[in-house]
Asker: 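Pasting in a structure now, in structure tokens, and then I'll have a few things to ask.
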Protein chains: 2
Amino acid sequence: MKHTYEYPRAALTVDCVVFGFDSAQAALQVLLIRRGLAPFKDHWALPGGFVRVEETLDDAARRELEEETNLSTVFLEQLYTFGTVDRDPRERVVSVAYYALTKPTDHTAAASTDAAEARWFPVTEIPPLAFDHATILDTALVRLRGKLRYEPIGFELLPPKFTLTQLQRLYESVLGTPLDKRNFRKKVLSHNLLVPLKETHREGTHRPAQLFRFDPVRYEKLRKKGFLFEI
Amino acid sequence: MKHTYEYPRAALTVDCVVFGFDSAQAALQVLLIRRGLAPFKDHWALPGGFVRVEETLDDAARRELEEETNLSTVFLEQLYTFGTVDRDPRERVVSVAYYALTKPTDHTAAASTDAAEARWFPVTEIPPLAFDHATILDTALVRLRGKLRYEPIGFELLPPKFTLTQLQRLYESVLGTPLDKRNFRKKVLSHNLLVPLKETHREGTHRPAQLFRFDPVRYEKLRKKGFLFEI
DNA sequence: TGACTTCGTGTAAAAATCACACATTACTTC
DNA sequence: GAAGTAATGTGTGATTTTTACACGAAGTCA
């Protein structure tokens with residue numbers, strides 16, 4: 001019953017779901033690139049590409065992100081591996097998907113790629129995507145929503161200094177529910193992980209808001225003791 | 001700057017972390033097989049093997065599980081993909097790891113494999129493992145602990161009919177904390193997902209315990225409405 | 001100086017969590 | 001058949017957490 005069997009080699013890719021948050025519009029966004037080559041030429045797709053033999057999966061994801069979107073030093077985490085047989089019409093291709101969270105400062109960098117057209121899309125207005133990228137995107141959204149509730153990853157989508165209102169809008173956009181202002185502030189401040197800054201955020205025609213930064217060092221200490229950042 | 005580039009093919013494997021729960025000893029266990037071939041000959045390892053070109057990753061995991069451990073129809077979920085360059089001394093091998101939860105009825109089936117020696121080990125007494133399987137196992141344990149707190153997957157480790165004490169012991173073993181009997185029962189029953197049966201569990205020299213079964217249909221309905229099974 | 005807009009704050013009611021002890025039931029043994 | 005043994009099954013009050021909710025303060029602009 002046993003065959004002599006030459007181990008198959010599969011083409012391996014990484015694909016990245018890059019999230020950004022537009023505070024002005026309070027909209028969660030995803031970075032897509034337009035494909036220049038077949039298959040799915042001219043379709044929008046997740047940035048990604050083939051894994052090289054001498055690099056880890058994480059390295060491949062970072063490299064592709066940098067090559068295709070000019071983004072570096074972002075929060076990047078493995079999401080899921082997609083391995084249905086026909087997901088690529090050419091041949092068997094297995095894709096290890098990642099998701100990335102970017103700060104607004106990175107946004108212009110990402111947009112200015114000229115290798116391929118790159119654009120931010122609100123998650124509510126995603127165009128048809130190449131391959132099974134719509135599935136990958138859905139998976140990433142579910143993961144992001146889940147993580148946001150018990151890990152402090154929202155800060156990865158905000159500038160280093162942010163106001164509590166910005167943070168609240170972010171949570172509301174991602175989770176899809178309105179939150180009570182006073183209760184939200186009470187809760188996030190109760191962890192003592194937000195450091196109030198001397199500066200304020202002045203914008204428009206109203207009272208300026210207190211700026212905060214997230215304290216990752218303190219968080220790391222607490223996390224090791226089993227602390228959960230719950231919202 | 002662009003090379004002509006032959007896409008690399010990587011050898012792809014699946015590895016499975018198979019969990020079982022021994023109610024008698026209140027011990028979470030993992031199924032390991034002893035390798036018959038180099039590398040790591042005679043070392044203990046996770047069951048797994050190469051992915052074939054014409055099968056999905058999930059199919060490959062199920063097939064390997066069946067071939068190596070006689071286990072079928074178990075709870076199986078993708079865990080993480082391990083892709084460091086040197087994890088296999090022979091060549092670049094990327095492994096998509098899965099974790100499985102088995103009911104006690106499957107345990108003897110698993111043990112009786114003769115293709116390779118297979119044995120259950122308490123998670124507290126894991127021998128040195130081949131490759132990076134210790135890392136994979138750790139990842140699976142963390143995932144299991146996390147999931148158990150807000151998804152009803154504990155039932156996958158118990159027989160179809162079980163007592164509340166068995167369920168409590170399971171939670172205690174996996175989470176590593178003792179739980180209050182009255183509070184635990186109040187909580188799990190409050191979801192109305194456990195159906196009391198007419199039968200009782202009679203064992204030893206003491207009062208028999210009420211048997212329950214989990215109602216997966218009802219859970220599915222609730223889950224779609226955003227219900228979270230929290231313990 | 002008045003109109004406008006967002007910021008920042010406290011309290012009381014309701015709900016969830018936690019700590020905790022003893023009578024019940026069946027089996028075994030004498 | 002009485003006494004001993006071992007695990008089951010059950011309720012309450014104290015504490016903590018969550019929820020709902022409104023208005024004065026601070027700044028800009030006309």
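First the proteins, then the strands, lettered A, B, ... as listed; each starts at 1.
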Asker: Rounded to whole Å, how long is the line connecting atom NZ of K186(A) with atom C1' of dA12(C)?
Answerer: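 K186(A) atom NZ is separated from dA12(C) atom C1' by 11 Å.
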Asker: From C-beta outward on R202(A), which listed nucleotide comes closest to its side chain: dT28(D), dG10(C), dA21(C)?
Answerer: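 Side chain of R202(A) sits closest to dT28(D).
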Asker: Here's a test of your reading of the structure: between P208(A) and R182(B), which maps to the more 5' nucleotide of DNA chain C?
Answerer: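 Nearer the 5' end of the strand: P208(A).
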Asker: Do the side chains of E230(B) and R149(B) get close enough for a salt bridge, i.e. N-O under 4.0 angstrom?
Answerer: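 Between R149(B) and E230(B) there is no salt bridge, as every charged N stays at least 4.0 Å from the carboxylate O atoms.
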Asker: To the nearest Å, give me how far apart CD (Q210(B)) and C1' (dT10(D)) are.
Answerer: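 Taking atom C1' of dT10(D) as the reference, CD of Q210(B) is at 14 Å.
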Asker: Need one value for T163(B): base, sugar-phosphate or nothing, where a base atom within 4.0 Å counts as base even if backbone is also close, heavy atoms only.
Answerer: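 The residue T163(B) makes no contact with any strand.
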Asker: NA contact type, E203(A), heavy-atom cut-off 4.0 Å: base, sugar-phosphate, or nothing?
Answerer: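 E203(A): no heavy atom of the nucleic acid under 4.0 Å.
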Asker: Using the six-membered ring of Y171(A), assess whether NZ or CZ of R169(A) lies under 6.0 Å from its centre and within 45 degrees of the ring axis.
Answerer: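 The answer is no; the distance or angle limit is not met.
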Asker: Whole Å only: how far is the CG atom of L211(A) from the P atom of dG27(D)?
Answerer: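 L211(A) atom CG is separated from dG27(D) atom P by 14 Å.
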Asker: State whether T165(B) places a side-chain N or O below 4.0 Å from either non-bridging phosphate oxygen (OP1 or OP2) of dA7(D).
Answerer: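 Checking dA7(D) against T165(B), no side-chain N or O comes under 4.0 Å of OP1 or OP2.
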Asker: Can you check the F184(A) CZ to dC21(D) P distance for me, whole Å?
Answerer: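 From F184(A) CZ to dC21(D) P: 20 Å.
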Asker: Would you kindly give the CD-to-C1' distance between E230(B) and dC18(C), to the nearest whole Å?
Answerer: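 That distance rounds to 16 Å.
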Asker: With the threshold set at 4.0 Å, does a side-chain nitrogen-carboxylate oxygen contact exist between E77(A) and K147(A)?
Answerer: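 K147(A) and E77(A): salt-bridged.
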Asker: Looking at dT25(C), does its base get a donor-acceptor pair with the side chain of R207(B) below 3.5 Å?
Answerer: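 No.
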Asker: Quick check: on DNA chain C, is the nucleotide nearest D180(B) upstream (toward 5') of the one nearest A209(A), or the reverse? Name the residue that is more 5'.
Answerer: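 Of the two residues, A209(A) wins.
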Asker: Between atom NE2 in H206(B) and atom P in dT29(C), what is the gap in whole Å?
Answerer: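 The answer, rounded to whole Å, is 15 Å.
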Asker: So does R62(A) pair up with E66(A), basic N to acidic O under 4.0 Å?
Answerer: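 Looking at E66(A) together with R62(A), the answer is no, because their closest N to O distance does not fall below 4.0 Å.
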Asker: Tell me if the aromatic rings of F214(A) and F162(A) count as close, with their centers under 6.0 Å from one another.
Answerer: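 No - the distance between ring centres of F214(A) and F162(A) does not fall below the 6.0 Å cut-off.
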Asker: Using a cut-off of 4.0 Å on non-hydrogen atoms, how would the nucleic acid contact of R185(A) be classed: base, sugar-phosphate, or nothing?
Answerer: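 Contact class for R185(A): base.
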Asker: Using a heavy-atom cut-off of under 4.0 Å over every strand shown, decide if K187(B) touches base, sugar-phosphate, or nothing.
Answerer: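 Sugar-phosphate: the residue K187(B), judged by heavy atoms under 4.0 Å, touches backbone atoms but no base.
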Asker: At 4.0 Å (heavy atoms only), tell me whether K181(A) reaches a base, stays on the sugar-phosphate, or touches nothing.
Answerer: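 Base, at least one base atom sits under 4.0 Å.
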Asker: Nearest heavy atom decides the nucleotide; on that basis, is N183(B) or Q166(B) closer to the 5' end of DNA chain D?
Answerer: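 Result: Q166(B).
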